[in-house]
Amino acid sequence: MNKLDDPIPQIVDAVAEAECVEPVTLDPPLAEVVDPDALETLIEDSATSNLEIRFAYRGHDVDDSGRVQVD
């Protein structure tokens, strides 16, 4: 998620692509798993710190290793 302009849709798209489904079909929605505003704030703040962002969503590990990574 490296300093993305709009990380939430990029995360949703990456997870949907990994699962070969449409983003609107993801359940639960990402916003029910992680606070989108808090995530965006953390990503913005990570630009000036050594903060590492990582969380699980639908069995995938999402991290900030330079782009949206879905495991």
Side-chain angles (χ1 to χ4, degrees):
M1 284 180 284
N2 191 19
K3 293 41 156 194
L4 304 173
D5 291 330
D6 199 3
I8 303 305
Q10 292 187 42
I11 294 166
V12 170
D13 289 345
V15 171
E17 183 177 324
E19 295 186 9
C20 298
V21 299
E22 292 295 318
V24 296
T25 65
L26 295 176
D27 187 40
L30 181 60
E32 289 183 14
V33 176
V34 64
D35 180 316
D37 293 331
L39 181 59
E40 288 182 6
T41 299
L42 285 172
I43 291 169
E44 290 170 10
D45 291 348
S46 72
T48 59
S49 71
N50 291 328
L51 180 67
E52 182 176 305
I53 301 166
R54 182 174 299 221
F55 61 93
Y57 177 51
R58 295 182 49 92
H60 302 280
D61 292 326
V62 181
D63 68 43
D64 64 348
S65 63
R67 62 187 192 285
V68 176
Q69 293 286 322
V70 177
D71 192 15

Review point. How far apart are the closest heavy atoms of Pro28 and Val33, and which atoms are they?
Key: CG-CG2, 3.8 Å
Revision key, fill the gap. Residues Ala38 and Asp35: closest non-hydrogen pair is N-OD1, 3.0 Å
Check your understanding: Under the side chain to side chain donor-acceptor pair (under 3.5 Å) rule, what pairs show up with a residue in residues 11-25, not counting sequence neighbours?
Key -> Glu19-Arg58, Glu19-His60
Practice item. Tell me, please, which residues at least two apart from Pro9 pass side-chain contact (heavy atoms from CB on, under 4.5 Å). Key: Asp6
Check your understanding: Only one of Asp61, Asp63, Leu30 forms a side-chain contact (heavy atoms from CB on, under 4.5 Å) with Phe55, so which one is it?
Key -> Leu30
Check your understanding: Do the non-hydrogen side-chain atoms of Ile11 and Leu39 ever get within less than 4.5 Å of each other?
Key -> yes
